[in-house]
Participant: 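Let me give you the structure first, and then I'll get to my questions.
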Amino acid sequence: MPTSHLHPSAVVPKISRLGRTLASAQVLKETLSIIFLGLPLVKAAPLVLLSALPGVVLYLLHWHLALGRAGRVLAAAVWAFTLLDELWGLLLFQELDSPTRGQIRLLHWSYFLGLGIILLALGELGWRWQRRRAKALRNVHHKAVLAARQRD
């Protein structure tokens, strides 16, 4: 069925430049975490690799966000799952038998940096959602005022 000029397809709002920057920062943090925390952990206990699969999927989704190809709804879902994955990773790492002092320090840096990035990204998405909603409400009010003036 052809679309008409009267009913254009809905535009999905893309993430902002700040959102793409935060996604890029998360990709960098995850890359360093994989190199310095993940690889030594996999060498010590190869079965841990299975629990890291959701993190790998999120890593690829963060690349998708960083490239600016995702909408805000997908971005919010990715960031929410990233928060859960960050907490899951912290719990798994604390279950290890004997992490070294360096690994613990890297884990804390990675965790708090990741938590900060995630909360900033979710806050920015929430702020943009609220701002867009307020603008839409103003437009509805403005249209109602114009329609009332035309009736008079």
Side-chain angles (χ1 to χ4, degrees), residues 1-3 7-143:
M1 178 179 226
T3 60
H7 300 287
S9 60
V11 176
V12 176
K14 300 291 183 187
I15 61 174
S16 66
R17 183 179 302 155
L18 176 61
R20 290 189 307 270
T21 303
L22 289 170
S24 299
Q26 183 70 15
V27 166
L28 177 63
K29 186 218 59 109
E30 288 173 349
T31 301
L32 294 174
S33 294
I34 289 169
I35 293 169
F36 294 113
L37 291 171
L39 293 178
L41 185 61
V42 169
K43 285 181 184 177
L47 288 177
V48 174
L49 188 61
L50 293 175
S51 64
L53 288 179
V56 172
V57 171
L58 286 170
Y59 179 75
L60 296 174
L61 287 170
H62 287 128
W63 270 107
H64 187 66
L65 294 179
L67 294 173
R69 296 182 181 152
R72 291 184 189 154
V73 173
L74 176 64
V78 169
W79 287 116
F81 282 118
T82 303
L83 179 62
L84 293 174
D85 184 63
E86 200 74 34
L87 296 172
W88 174 252
L90 181 68
L91 289 174
L92 282 179
F93 203 83
Q94 288 183 350
E95 293 295 320
L96 290 178
D97 293 334
S98 59
T100 65
R101 176 177 269 176
Q103 287 176 328
I104 291 172
R105 187 174 62 238
L106 284 173
L107 174 70
H108 287 162
W109 272 102
S110 174
Y111 173 72
F112 286 113
L113 184 62
L115 194 60
I117 292 169
I118 293 164
L119 293 177
L120 276 172
L122 286 172
E124 190 259 347
L125 284 168
W127 177 76
R128 291 204 183 269
W129 174 81
Q130 186 276 334
R131 197 174 97 187
R132 184 178 167 101
R133 185 170 180 258
K135 184 178 178 182
L137 289 175
R138 280 195 308 273
N139 283 342
V140 168
H141 176 69
H142 181 69
K143 287 178 183 177

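On a predicted model such as this, the values are computed, not experimentally measured, just so you know.
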Participant: Can you give me the closest heavy-atom contact between L83 and L115, atom names plus distance?
Facilitator: CD1-CD1, 3.4 Å
Participant: Kindly indicate, with the supporting measurements, whether the criterion side chain to side chain contact (heavy atoms under 4.5 Å, CB included) is fulfilled by I34 and V56.
Facilitator: CA-CA 10 Å; I34 289 169; V56 172; 5.9 Å; no
Participant: How would you list all residue pairs meeting side-chain hydrogen bond (donor to acceptor under 3.5 Å, both in side chains) that involve residues 110-119, not counting sequence neighbours?
Facilitator: K29-S110, S33-S110
Participant: Of all the heavy-atom pairs spanning A121 and W79, show the shortest one and how long it is.
Facilitator: CB-CE2, 3.3 Å
Participant: Nearest 0.5 Å please: distance from the CG atom of L107 over to the CZ atom of F112.
Facilitator: 9.0 Å
Participant: Can you spot which of V78, V57, I117 makes a side chain to side chain contact (heavy atoms under 4.5 Å, CB included) with H62?
Facilitator: V78
Participant: List the atom of T82, the atom of I118, and the distance in Å for their closest heavy-atom pair.
Facilitator: CG2-CD1, 3.5 Å
Participant: Could you verify whether a donor N or O on one side chain and an acceptor N or O on the other, from E124 and S16, lie under 3.5 Å apart?
Facilitator: yes
Participant: By side chain to side chain donor-acceptor pair (under 3.5 Å), which residues pair with T31, not counting sequence neighbours?
Facilitator: Y59
Participant: Which atom pair, heavy atoms only, marks the closest approach of I15 to A75?
Facilitator: CG2-CB, 3.5 Å
Participant: Roughly how far, to the nearest 0.5 Å, is CG of L53 from CG of D85?
Facilitator: 10.5 Å
Participant: Would you check if the side chain of R72 reaches a backbone N or O of K14 as a donor-acceptor pair within less than 3.5 Å?
Facilitator: yes
Participant: According to side-chain contact (heavy atoms from CB on, under 4.5 Å), who are the partners of R69, at least two apart in sequence or on a separate chain?
Facilitator: H64, L67
Participant: Enter the distance from L91:CG to E86:CD here, rounded to the nearest 0.5 Å.
Facilitator: 11.0 Å
Participant: Measure the spacing between CG of L122 and CH2 of W127 and express it to the nearest 0.5 Å.
Facilitator: 15.5 Å
Participant: Indicate yes or no: at least one non-hydrogen side-chain atom of Q130 is less than 4.5 angstrom from one of K135.
Facilitator: no
Participant: How long is the gap from CG on L74 to CG on L61, to the nearest 0.5 Å?
Facilitator: 6.5 Å
Participant: Run L65 and R20 through side chain to side chain contact (heavy atoms under 4.5 Å, CB included) and show every step you take.
Facilitator: CA-CA 6 Å; L65 294 179; R20 290 189 307 270; over 6 Å; no
